[in-house]
2 protein chains.
Amino acid sequence: MGKLDFAPIADTTRRAEIVALLRRAILTGQLEPGQKLNELRIAEQMRVSRAPLREAMRELVQEGILTSIPYAGTFVIDVTAKDIDDAYSLNKVLDEFAIELSWPLRDQRFFDELDRRHEAVKQATRDLDTTRQIETALQLHGLIHEWADNSVLLETWQRLTSRLQMYFALHQRARNEPVPAEDVHEMYVRLLKGADMGAAQRHAREHIGLDFEELLAYARSLEQRCSEGANPDRPGPTRNRPDGS
Amino acid sequence: MGKLDFAPIADTTRRAEIVALLRRAILTGQLEPGQKLNELRIAEQMRVSRAPLREAMRELVQEGILTSIPYAGTFVIDVTAKDIDDAYSLNKVLDEFAIELSWPLRDQRFFDELDRRHEAVKQATRDLDTTRQIETALQLHGLIHEWADNSVLLETWQRLTSRLQMYFALHQRARNEPVPAEDVHEMYVRLLKGADMGAAQRHAREHIGLDFEELLAYARSLEQRCSEGANPDRPGPTRNRPDGS
DNA sequence: AGGAAGCAGATTGTCGACAATCTAACAAGA
DNA sequence: TCTTGTTAGATTGTCGACAATCTGCTTCCT
């Protein structure tokens with residue numbers, strides 16, 4: 001009866017840890033969009049060779065949060081309003097699909113996990129930990145995708161989530177307010193526990209939509225500010241940080 | 001007005017070429033599912049160091065057609081019937097979304113490109129080049145995603161396409177018949193040119209569905225054969241998964 | 001014989017150094 | 001002054017070698 005399900009042991013390769021470190025730095029906004037990642041400097045800071053660092057960066061490039069230009073460098077992706085809008089509209093479709101798939105699979109464990117994640121959001125809200133608040137809110141929404149029992153969908157959603165988390169973190173950094181409204185989560189959880197699937201799907205659209213509208217407005221303002229002063233013939237990220245530390 | 005829009009010059013880095021080579025080998029079925037990729041051997045064959053090869057493999061891992069187990073190796077992904085089903089069902093959703101987005105954006109250039117790709121499929125069919133037939137058929141279907149003007153959707157679909165192409169190539173390799181039916185493409189193109197968006201969406205579901213049914217049946221038969229006969233008839237493809245027993 | 005400990009062999013992960021390329025500053029010429 | 005060619009510095013791409021880890025076989029003990 002020793003039915004312990006052991007957690008997979010930690011990937012003890014430097015590459016995996018570097019990926020985690022970099023991803024976290026990007027998703028929390030510590031690395032700004034467009035910023036160039038200097039391999040030598042990062043490798044020295046992490047006390048690691050460039051080989052595993054470069055491999056890690058390739059992974060993040062394919063993950064969509066870094067972009068690489070041969071012989072020029074690797075940069076954090078730029079966030080345009082269109083990107084956010086694109087991600088948002090696709091997210092709506094995926095959410096609807098995930099609810100449809102996971103709906104007949106809901107059971108007690110699902111509801112328990114739903115409550116657990118909801119509680120995590122509320123805890124982060126009480127702690128005023130905005131970064132964790134974003135993280136937990138996205139995990140709350142991710143449950144339907146995890147429960148849908150469709151690996152391709154889950155993978156797709158996780159890829160989307162990376163960007164969304166980055167967007168929200170940026171927004172939160174600009175204005176020091178938490179993005180997701182509290183009581184909307186309450187309704188979301190209640191509808192997922194209910195019997196009306198269509199209502200849940202509709203609510204998912206409306207509710208996430210509200211958050212996104214604000215985010216979009218912010219992104220648009222950023223772009224306007226950017227397009228005023230910058231020379232338009234050079235779309236490449238030329239935001240080089242003078243390292244006068 | 002010399003308004004030539006130059007195509008971006010080829011990425012002349014070894015890494016990029018290795019990625020292209022490997023991807024093609026996997027997608028055409030030259031590298032079988034589950035097969036292990038020996039870094040030293042491949043590097044020697046390509047006359048390349050292991051560094052760019054490994055970076056290329058990391059990209060393909062994130063692209064979803066390779067899977068890596070630390071200190072064990074990198075393998076071509078296994079194809080399960082469930083994977084195909086998952087990819088198929090998500091593809092239906094994405095197709096519907098892509099048609100919705102691209103519908104108001106259709107113009108003459110769209111129709112021309114549609115015809116061009118349709119012609120490419122027919123040419124490949126005449127040439128009895130089944131590999132190219134699969135490739136062109138997927139490109140024909142990809143047009144709506146390219147035209148949808150949603151970068152995230154396009155990226156997602158391309159990721160899906162990689163797997164689909166691999167699945168179809170496998171199926172084609174097993175039974176030496178072309179997978180996609182000819183006249184169905186005719187109908188698909190006609191509906192995309194027409195005025196009834198709902199009809200186009202519905203047809204996309206049904207039509208692709210037919211192809212997939214056959215593919216699914218094949219995959220299921222493969223799995224059964226695999227599960228009943230555990231004899232290691234081949235040393236390569238039989239891959240040991242870390243299972244908690 | 002059965003099973004645990006230990007020893008090659010092969011393969012992956014990582015490192016430091018070298019080569020190729022880009023950027024920016026500077027000089028020369030129209 | 002503007003453009004063009006050159007050069008120096010920095011950064012990325014690639015290489016060969018070393019270290020860490022896994023696998024399979026051998027060996028030894030009970």
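In this text, all values refer to a predicted model and were calculated from it rather than measured experimentally. Order of the sequence lines sets the chain letters (A, B, ...), proteins ahead of strands, with each chain counted from 1.
We find that B:Glu135 and B:Arg132 are joined by a salt bridge, their nearest charged nitrogen and carboxylate oxygen being less than 4.0 Å apart.
The interatomic distance linking B:Leu66 (CG) with C:dT12 (C1') rounds to 15 Å, in whole Å. The CG-P distance, from A:Leu37 to D:dT11, rounds to 13 Å in whole Å. Nucleotide C:dC15 holds its C1' atom 15 Å from the CZ atom of A:Arg15, rounded to whole Å. Between the OH atom of A:Tyr71 and the C1' atom of C:dC22 there is a distance of 10 Å, given to the nearest Å. Straight-line distance from the CG atom of A:Leu40 to the P atom of C:dT21: 20 Å, rounded to whole Å. Atom pair B:Ile42:CD1 and D:dT14:P shows a separation of 17 Å (rounding to whole Å applied). Taking atom CZ of residue A:Arg47 and atom C1' of nucleotide C:dG13, one finds them 20 Å apart after rounding to whole Å. Rounded to whole Å, atom P of C:dT12 lies 7 Å from atom CE of B:Met57.
The phosphate of D:dG13 (OP1 or OP2) has a side-chain N or O of A:Arg58 nearer than 4.0 angstrom.
The residue B:Leu53 sits apart from the nucleic acid: no heavy atom pair falls under 4.0 Å. B:Arg50 comes within contact range of at least one nucleobase, with a heavy-atom separation under 4.0 Å.
Comparing A:Ala72 and A:Arg14 against DNA chain C, the residue whose closest nucleotide sits nearer the 5' end is A:Arg14. Comparing A:Pro70 and B:Glu39 along DNA chain C, the residue whose closest nucleotide (by nearest heavy atom) sits nearer the 5' end is B:Glu39.
Distance check: B:Arg58 CZ to A:Arg58 CZ gives 12.5 Å after rounding to the nearest 0.5 Å. The CG atom of B:Asp129 lies 5.5 Å from the OG1 atom of B:Thr131; values are rounded to the nearest 0.5 Å.
Listed nucleotides: C:dC15, D:dA20, D:dT14. Nearest to the side chain of A:Arg54: D:dT14. For A:Pro52, the side-chain atoms get nearest to C:dC15 when compared with the rest of C:dT12, C:dC15, D:dT14.
Ring planes of A:Trp157 and A:His145: parallel class, angle under 30° (limits at 30 and 60°).
Contact between B:Leu105 and B:Trp147 at its shortest, heavy atoms only, is O-NE1, 3.0 Å.
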